[in-house]
Amino acid sequence: MVTIALSKGRILEESLPLLERAGIVPVEDLGKTRKLIVGTTAPDVQVVVIRAADVPTYVRYGAADIGIAGKDVLMEDGGDGLYELADLGIARCRLMVAEPRERPPAGEGHSWTRLRVATKYVRIAQRHFDAKGIQADIVHLYGSMELAPLVGLADRIVDLVSSGKTLAANGLVEVEHIVDVSAWLVANRAAVKMKYKALRPVIECLVGGAMHG
Ligand code: ADP
Ligand code: MG
């Protein structure tokens, strides 16, 4: 049995056509079913649908043989024990630093001395500001990062952007580009060796479909 870990949400939407081109169609509608583990039309291939940030963990421990995860998630995770097999070119966006277009009036919410940065990507943000020699205090949030600068929780945010509409709607502008993001195919290292025969056609079809899609 080959188990593929898929990220819920926008990566899933863009993964399904790729899987379909590889001949892997879930036997239930993943948008509707409450099942978390679903068989597919491909013999001996099943998918698990999990939070994006959990994909590296499932694959690292071998609970899934391969998975599809955003580069953002892989960078934040560190990717130890995983093979990053191929950039699938889907779910493209960019990771950037943003701040309010107009600086808040002096004295308002600025009692702190160091730069404060709100983000879900604590490790990436810390590394980014360290590399620039800027001392930053990272405030860990789980979502809606755009709100933080508006209510005096942070000076800047590190977050993903695709259209830029959410930033604009909240009066924020991009000030630094950290990295371009897309979803990658990752694999458990041991599985690549032990289950090579079963995994190879699946990997080849997914990568081939991504290249020609
Ligand atoms: P979660 O809320 O569990 O993090 P999402 O459905 O928001 O899950 O999916 C997040 C993943 O989707 C990110 O890790 C990223 O790789 C990808 N992605 C692509 N475009 C965007 C975007 N504009 N904003 C957020 N995530 C995006
Ligand atoms: Mg989200």
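Read the numbers this way: they start at 1 and go in the same order the structure lists the ligands and their atoms.
Contact atoms of ligand 1 toward V73: 14 (O) (distance under 4.0 Å to a heavy atom of the residue). Near K8, the atoms of ligand 1 lying under 4.0 angstrom from a non-hydrogen atom of the residue are 6 (O). Against a heavy-atom cut-off of under 4.0 Å, D72 is close to the following atoms of ligand 1: 13 (C), 14 (O), 15 (C), 16 (O). In summary, the atoms of ligand 1 found under 4.0 Å from a heavy atom of G70, numbered by their order in the structure, are 16 (O).
For R127, the CZ atom counts as densely surrounded, since its 6.0 Å shell holds more than 12 non-hydrogen atoms of other residues, nucleotides or ligands.
Residues R123 and E76 are not paired through a salt bridge, judged by the lack of any N-O separation under 4.0 Å between the basic side chain and the carboxylate. A salt bridge links R114 with D137: at least one charged nitrogen is closer than 4.0 Å to a carboxylate oxygen. A salt bridge does not link D180 with R92: every distance from a Lys NZ or Arg NE/NH1/NH2 to an Asp or Glu carboxylate oxygen is 4.0 Å or more.
When heavy-atom distances to ligand 1 are checked against a 4.0 Å cut-off, R51 comes that close only through its side chain, counted from C-beta outward. Under 4.0 angstrom from ligand 1, the non-hydrogen atoms of C93 all belong to its side chain.
For a threshold of 3.5 Å applied to N or O pairs, the pair formed by K71 and ligand 1 contains no separation below that value.
When only modelled atom types and interatomic distance are considered, Q46 and T3 share a side-chain donor-acceptor pair under 3.5 Å.
Residue contacts with ligand 1: K120 is included, with a non-hydrogen atom under 4.0 Å away.
Pairing each heavy atom of V45 with each of V202, the nearest pair is CG2-CG2, 4.2 Å.
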